[in-house]
Amino acid sequence: MTDTEKPLNFIEKVIEEDLASGKTKQVQTRFPPEPNGYLHIGHAKSICLNFGLAQKYGGQCNLRFDDTNPAKEDVEYVESIKEDVKWLGFEWADEVKFSSGYFDQLYDWAVHLIKEGKAYVCDLTQEETREYRGTLTEPGKNSPFRDRSVEENLDLFERMRDGEFEDGARSLRVKIDMAHGNMHMRDPIIYRIKNMAHHQTGDKWHIYPSYDYAHGQGDAIEGVTHSVCTLEFAEHQPLYNWFIENLPVPAIPRQYEFSRLNVNYLVTSKRKLKQLVDENIVNGWDDPRMPTISGMRRRGFTAQSIRNFIESTGVTRVDGVVDMSQLEFSIREDLNENAPRAMCILRPLKVTLWNVPEENSTDYLVAPNHPQNEEMGTRTLIFDREIYIDKEDFREEANKKYKRLVIGKRVRLRNAYVIEADEAVKDKNGEIIEVKARIIEGTLGNNPADGIKPKGVIHWVSAIQNVDCEVRLYDRLYNDVAPDAGGKDHLESINPNSLEVLTGCKGEVSLQAPRTDIPYQFEREGYYFLDKDSDVDKDLEEQKLVFNRTIGLRDTWEK
RNA sequence: UGGGACGUCGCCAAGUGGUAAGGCUCUGGGUUUUGAUCUCAGCAUUCGUAGGUUCGAUCCCUACCGUCCCAGCCA
C-alpha cells in the first residue's frame, strides 16, 4: 500500500535469516520474569518483544516464571504478572511454565556434570569465595576443593540435596577457568543451599539452582529458539552457551540482548519501586503515579497505547533514555481517537443567566460524544438558569490573549449558547463567588445575529442537575529528570505535589453511570478514568465517583 | 594500563562505499463550538574526535575520547 514499511530491528533480521536458512523451523520465545515484584513499563518492552516476535513469525511465546530464588518470591507476584500480561493483550502458549518445574531435570544434569568431572562441591564460605574469585583486573585462585573426587562430590551433593548442611555451608560449582576475563566464567556457583520452602515446590528442596544454571536449560527444555533478554545479561552468554554445550540438552537456544527501556523522570527498578510502596510514598503497587503496568492501567493508560509506545521506541543495543513526551504522545493519540467526551467542572464557579426565565428553566440539549466520529453517538445535556464554569475561565478583565469569559465580553458555552458576562458577585473577602451573565438569544448552533462573535469556547455544567465527583490530578513523581542516575537516591527528588485531590467537582449528568473500560475526555481538561475507589452501585445520593487524570490535553497556550 | 558492549538532530531511530528515512519535542501558518484534534511549513552540508584507504566514507582501517555493564551462594 505504502512504500514506508517499518524497518526490521536486529532481532527480526536474525530470525528472518534463521527462518530462511532453515535453522529455525518455528519461532519459540519466552517472557521469563522472576515473581518478585510487579511488572513495570520496562517489562512491557520485553513482553511486547517476546510475544510480538512469536506473533509476527507464526510461533509461540511461553510465560515462564524464573523462580529459582524462593527467598525473594511470592505467589502474589505470579498472579499479578499473569494478569498484567493478559491485560497487555498477549496469550502465552499452553500452561504457564516455571523454572521450578525443571528442578528434577536440572538436578540430574548437575549429577551429569559431576560425573564428567566438570562440577564440584565447594566448602568455601561466601567471603572466601569472593576472595578466591579475584577482581576485575586480577585473576582468581582455584578453590582448594576443586579437585575432589567424583565419588566425594556425588556424595556431598546428594547430602546437600537432602538438607544435611546449613545454608551457605557448601555450593556446587562448575569447573571452568578462575583466570577468565569474564567474571562469570570463574567457576560459577550453580547450586546453593537454602533450607527454605518454595512457593511452588514446597519443602521438597534444600538446594536451589542459580539463574545461570537454570535459564538456558529451561530455554532448551521448552525448545526456545531465540532467547531474548536485556543487555546486562550479555556477560552471561558465554556461560549460557557453556551449559548448552556441556549438557545433553534437547535443543540449542541462542541468546540475544537488547537495551532495556529507560524513560526520563521514571524509575524502573523493582527494588526502588518496592521502596516507594513499603515507605508509603505511594499507595501501593497500583498507585496511578507508579510506572507499573497495574498503576498505569489504574491511571487510564490503555494497553494499546502502551504497545504503541513500546513499538515507537525501537529495539537496539544502544543505552538511551526515551523522553516522557513520547509516552504522553502515545496515550493522547489513542484517547483522542477513542475516548468519549464529557464536561466536568473541576473548580466550580456559579454563573447565573439572569435572562433565562426562572420557571421551567431546564432545557435539554444534544451533544456528540466525539467531535470527529459520529458513530460514537450523542448524549443529552441539561441546561439551566444556573450553571457552573471553571474558576479559571472567568476574569473581570483581561487582555485579548484571554479567550474566555470576561465582563462585558462574550464566550460560547460548549454545545450550547453564547453568553455575555455582566457582573461579578464577591464575598466579604473580595473573592468572586458568582457571575451574573445573560445568554444571547438564537445562538444555539448559530453565531450571534449582531455579528459579534465570541472569541472562545468554555465548558459548563448545570448547577441544578449534575454529578458530584472527586478528581485526582497527578504530576510527575520525581522532580529530577533522572531520579536514580549516577547512584543518586531517588527518594531525594520525590515531588511532594505529585497528587492533588479535588473534591466537589461537578460532572455532567451522563457521568452518573460512567464507563469503566476507557477514560473520558473531559473537554478542555484532559483524559479522566474512573478509579477503583469509586462506588457506583449505591443510590445516587450515596454513590462516590473518583476520576484519575490520565493525562492533560496538549496545551500550547502561552500564558 | 582486565573483559564485554555502545556512540547518526534536544529525545527515540532508519540507513549505506555514491552524497543523511521516520516518529516525538520545538517553531511558524491554516481550519476549528475543545487554546484539543486535523492540516501545511520549518528544523543534521552532517553521522563522538583525529588521521588513513578510496574518484568518493556516516558506512572500511588505525588511534584516541566518551558512556554503559561485570568482582551476589540476586535475576
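This one's a predicted model, so the numbers in the text were calculated from it and none came from an experiment. Throughout, protein chains are lettered first and strands after them, A, B, ... in sequence-line order, and every chain is numbered starting at 1. Note: hydrogens, waters and symmetry copies are ignored here, and every other heavy atom, side chains too, is used.
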Trainee: Mapping A/K400 and A/K45 onto RNA chain B by nearest heavy atom, which one lands closer to the 5' end?
Mentor: A/K45
Trainee: Distance check, P atoms only: B/G66 and B/G48, in whole angstrom units.
Mentor: 16 Å
Trainee: What contact category does A/A416 fall into here, base, sugar-phosphate, or nothing, at under 4.0 angstrom with non-hydrogen atoms?
Mentor: base
Trainee: Once you apply the 3.5 Å cut-off to both distances, tell me the Watson-Crick or G-U wobble partner of B/A13, or none.
Mentor: none
Trainee: Taking NZ from A/K6 and P from B/A21, how many angstroms apart are they, rounded to a whole number?
Mentor: 18 Å
Trainee: Rounded to the Å, how far apart are A/H459 NE2 and B/G35 C1'?
Mentor: 12 Å
Trainee: Tell which nucleotide pairs with B/U19, taking only Watson-Crick or G-U wobble pairs whose two distances are both under 3.5 angstrom.
Mentor: none
Trainee: Mind checking whether A/F103 and A/H198 have ring centres under 6.0 Å apart?
Mentor: yes
Trainee: Which one, B/G35, B/U34, B/A14, comes nearest to the side chain of A/T316?
Mentor: B/A14
Trainee: Quick one about A/H199 and A/E73 (side-chain donor to acceptor, distance below 3.5 Å, no hydrogens or angles considered), yes or no?
Mentor: yes
Trainee: Report the distance from atom CG of A/L553 to atom C1' of B/U34, rounded to the nearest whole Å.
Mentor: 7 Å
Trainee: Return the pairing partner of B/C60 with a 3.5 Å limit on both distances, Watson-Crick or G-U wobble; otherwise return none.
Mentor: B/G52
Trainee: Provide the Watson-Crick or G-U wobble partner of B/G42, both distances under 3.5 Å; none if there is no partner.
Mentor: B/C26
Trainee: OP1 or OP2 of B/U33 less than 4.0 angstrom from a side-chain nitrogen or oxygen of A/K403, does that happen here?
Mentor: no
Trainee: B/C26 C1' sits how many Å from A/Q326 CD, rounded?
Mentor: 14 Å
Trainee: Give a yes/no on whether any side-chain N or O of A/R524 is located under 4.0 angstrom from OP1 or OP2 of B/G35.
Mentor: yes
Trainee: What contact category does A/S259 fall into here, base, sugar-phosphate, or nothing, at under 4.0 angstrom with non-hydrogen atoms?
Mentor: nothing
Trainee: Should we say atom NZ of A/K56 is surrounded by more than 12 heavy atoms from elsewhere, each under 6.0 Å from it?
Mentor: yes
Trainee: Any donor-acceptor pair under 3.5 Å joining the side chain of A/R554 to the base of B/U37?
Mentor: no
Trainee: Would you please indicate if the ring centroids of A/H236 and A/Y240 are separated by under 6.0 Å?
Mentor: no
Trainee: Could you give the CD-to-C1' distance, from A/Q372 to B/U33, as a whole number of Å?
Mentor: 12 Å
Trainee: Tell me which nucleotide, if any, is Watson-Crick or G-U wobble paired with B/U32 when both distances must be under 3.5 Å.
Mentor: none
Trainee: Base, sugar-phosphate or nothing for A/K13? Non-hydrogen atoms, less than 4.0 Å.
Mentor: sugar-phosphate
Trainee: Find the distance A/L413:CG to B/U34:P and express it as a whole number of Å.
Mentor: 13 Å
Trainee: If we take the C1' atom in both B/U37 and B/C70, what is their distance in whole Å?
Mentor: 49 Å
Trainee: Walk along nucleotides 70-75 of chain B from 5' to 3' and tag each nucleotide B, S or - by protein heavy-atom contact under 4.0 Å, base first, then sugar-phosphate.
Mentor: BBSBBB
Trainee: Which of these nucleotides, B/A36, B/C6, B/C12, is closest to any side-chain atom of A/V318?
Mentor: B/C6
Trainee: Under 4.0 Å between any heavy atoms, over every strand shown, what does A/P139 touch: base, sugar-phosphate, or nothing? Just pick one.
Mentor: nothing
Trainee: If you measure from the P atom in B/C60 to the same atom in B/G7, how many Å do you get, rounded?
Mentor: 12 Å
Trainee: A/E523 CD to B/U32 P: how many Å, rounded?
Mentor: 17 Å
Trainee: Step through it carefully: locate the ring centre of A/F65, locate the ring centre of A/F98, and say whether they are under 6.0 Å apart.
Mentor: yes
Trainee: Do the side chain of A/Q521 and the base of B/U34 come within less than 3.5 angstrom through a donor-acceptor pair of N or O atoms?
Mentor: yes
Trainee: State the pairing partner of B/G2; accept Watson-Crick or G-U wobble contacts with both distances under 3.5 Å, and report none otherwise.
Mentor: B/C70
Trainee: Using O4'-C1'-N9-C4 for purines and O4'-C1'-N1-C2 for pyrimidines, with syn meaning within 90° of 0, is B/G72 syn or anti?
Mentor: syn
Trainee: Decide yes or no on salt bridge (charged side-chain N to carboxylate O under 4.0 Å, His left out) for A/K6 and A/E311, but give the supporting numbers first.
Mentor: CA-CA 10 Å; A/K6 202 167 189 294; A/E311 182 72 21; 3.7 Å; yes
Trainee: Pick base, sugar-phosphate or nothing for A/G445, based on heavy-atom distances below 4.0 Å to the nucleic acid.
Mentor: base
Trainee: Separation of A/E337 atom CD from B/A36 atom P, in whole Å?
Mentor: 19 Å
Trainee: With heavy atoms under 4.0 Å as the rule, sort A/R414 into base, sugar-phosphate or nothing.
Mentor: base
Trainee: Please state whether the rings of A/F383 and A/W460 are parallel, tilted or perpendicular, taking 30° and 60° as the class boundaries.
Mentor: perpendicular
Trainee: Please confirm whether the ring centroid of A/F157 lies under 6.0 Å from the ring centroid of A/Y107.
Mentor: yes
Trainee: If we take the C1' atom in both B/U19 and B/U8, what is their distance in whole Å?
Mentor: 15 Å
Trainee: Looking at A/R317, does any N or O in its side chain come under 4.0 Å of the phosphate oxygens OP1/OP2 on B/C6?
Mentor: yes
Trainee: On RNA chain B, does the nearest nucleotide to A/V457 precede the nearest nucleotide to A/L8 from the 5' side, or the other way round? Give the residue.
Mentor: A/L8
Trainee: Has A/K409 got more than 12 heavy atoms of other residues, nucleotides or ligands less than 6.0 Å from its NZ?
Mentor: no
Trainee: State whether the distance check finds a donor on one side and an acceptor on the other, under 3.5 Å, for side chain A/E138 versus base B/G2.
Mentor: no
Trainee: Is the phosphate of B/A36, meaning OP1 or OP2, less than 4.0 Å from a side-chain N or O of A/T556?
Mentor: yes
Trainee: Apply salt bridge (charged side-chain N to carboxylate O under 4.0 Å, His left out) to A/R64 and A/E222, showing your working.
Mentor: CA-CA 10 Å; A/R64 177 164 90 232; A/E222 294 175 13; 3.0 Å; yes
Trainee: At under 4.0 Å between heavy atoms, what does A/V321 touch on the DNA or RNA strands: base, sugar-phosphate, or nothing?
Mentor: sugar-phosphate
